[in-house]
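Here is the structure we will look at.
Atom set for the values below is all heavy atoms of this structure, side chains included, hydrogens, waters and symmetry mates excluded. It should be emphasised that the depicted structure is a prediction, and the values quoted were computed from it without experimental measurement. Below, read A as the first sequence line, B as the second, and so on, with proteins coming before strands; counting in each chain starts at 1.
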There are 2 protein chains.
Amino acid sequence: MMENIIFRNFLGGKGLKLTKERTAVLSEVYSFHGHFEPEYLYSRIKGSGSKASRASVYRTLSLLVECGLVKRVTRTDKGNIYEHTYGHSHHDHMICDICGEIIEFFSEKLEKLQDEICEKNSFIGSSHALEIRGRCKKCRM
Amino acid sequence: MMENIIFRNFLGGKGLKLTKERTAVLSEVYSFHGHFEPEYLYSRIKGSGSKASRASVYRTLSLLVECGLVKRVTRTDKGNIYEHTYGHSHHDHMICDICGEIIEFFSEKLEKLQDEICEKNSFIGSSHALEIRGRCKKCRM
DNA sequence: CTACATGCAAATAATTTGCATTAGC
DNA sequence: GCTAATGCAAATTATTTGCATGTAG
């Protein structure tokens, strides 16, 4: 579990502690593949026998985003949606307006395009997120 | 003001009414060029001598998004950021992580890329939003 | 006239925070 | 042991909603 080492180092470097709760959140985040909301993560943790309060889930999630192990995918009207990143290569998302399904894709051309666009605007791009909205295969009608 | 006509038609078609408050919100939205938060819009309306409660600002904003006269640009931790769209061609955004500045850009290549990607995934894309994050010219260091 | 819209204040709901207690290092 | 982390419940904050009253068509 490379992610545990990454997290430990990150915390250590800032004088923070690797607690049971933080470990529980991290391992739960990496126990499945897909997108999640904080509340869903919280319920999985409770169901898994570990313990961590909602507050700790939120606090830990912030740390995980800060150290790059988790990424905020998008924000719905309800709240944030996250995904873990380690072992995941960079990708973007298509979101179905009908059923809400989130489909991942990767485009080499898009990566190059970002560099081009940044150069043209004297901007130093560090990351990008392309979100395409529409109808997925199932909801095509 | 084409946008007034568009809004009037939209409302009429749904049996809704064009009230003073809705007119005030629309004209305030179109009175300046740039991105805004609901609260900022509300304060501008109050300052301009028109009247519309915060509730009406929110309610009207939803209608304007629904009829396409306003678009939600992004969502910060605080809340939504909007922009008006009429007379504005489609574009995407670069957001500076340091100062928060939002820079607009347009890329023909990106438009084509969306179609390509959708085709490849049997997705019917209706819109996209590319958000590039990094450092703007001023904050480049 | 008769829906529909308004303003207000109360309700929501996700996230954050203060604080007394517990636990890494 | 010292400092940071936890759980809880209360606080925050953007947005929504119920309701009595006002108004556009």
The answer to which of L16(B) and D77(B) contacts DNA chain C further toward the 5' end, by nearest nucleotide, is L16(B)
T19(A) vs N80(B), nearer the 5' end of DNA chain D by closest nucleotide | T19(A)
L18(A) CG - dA23(C) P separation (whole Å) | 15 Å
What is the ring orientation for H88(A) with H91(A), classed by angle as parallel under 30°, tilted 30 to 60°, or perpendicular over 60°?
-> perpendicular
Donor-acceptor pair (no angle test) under 3.5 Å: R22(A) side chain, dG24(C) base | no
Whole-Å gap separating C1' (dC8(C)) and NZ (K51(B)) | 12 Å
Would you indicate whether the side-chain heavy atoms of L69(B) and Y30(B) approach each other to under 4.5 Å?
-> yes
Kindly indicate whether the side chain of L26(B), heavy atoms from C-beta on, has any atom under 4.5 Å from the side chain of E3(B).
-> yes
Give the rounded distance in Å between these two atoms: CZ of R54(A) and P of dC8(D).
-> 10 Å
Which of these nucleotides, dT17(C), dT17(D), dT15(C), is closest to any side-chain atom of A55(B)?
-> dT17(D)
K46(A) NZ to dT6(D) C1', in whole Å, measures 16 Å
Anything under 30° is parallel, anything over 60° is perpendicular, the rest tilted; go ahead and classify F32(A) against F36(A).
-> perpendicular
Look at the side chain of Y58(A) and decide which nucleotide, out of dT6(D), dT6(C), dT15(C), has an atom nearest to it.
-> dT15(C)
Between P of dT6(D) and CG of L63(A), the distance in whole Å | 9 Å
dT15(D) C1' sits how many Å from Y42(B) OH, rounded?
-> 14 Å
OP1 or OP2 of dG7(D) sitting under 4.0 Å from any side-chain N/O of S56(A)?
-> yes
Are E39(B) and K78(B) close enough for a salt bridge, meaning some N to O gap below 4.0 Å?
-> no
Counting side-chain heavy atoms from CB outward, which of dA24(D), dT15(D), dT6(D) is closest to K20(B)?
-> dA24(D)
Taking CZ from R75(A) and C1' from dT15(D), how many angstroms apart are they, rounded to a whole number?
-> 11 Å
Looking at every strand, decide which applies to K14(A) at a 4.0 Å heavy-atom threshold: base, sugar-phosphate, or nothing.
-> nothing
When you get a sec, tell me which of dG18(D), dT15(C), dA23(C) is the closest nucleotide to the side chain of K17(A)?
-> dA23(C)
Nucleotide nearest R59(B) when distance is taken to its side chain, options dG7(D), dT6(C), dA5(D) | dT6(C)
What is the distance from CG of L11(B) to P of dT23(D), rounded to the nearest Å?
-> 18 Å
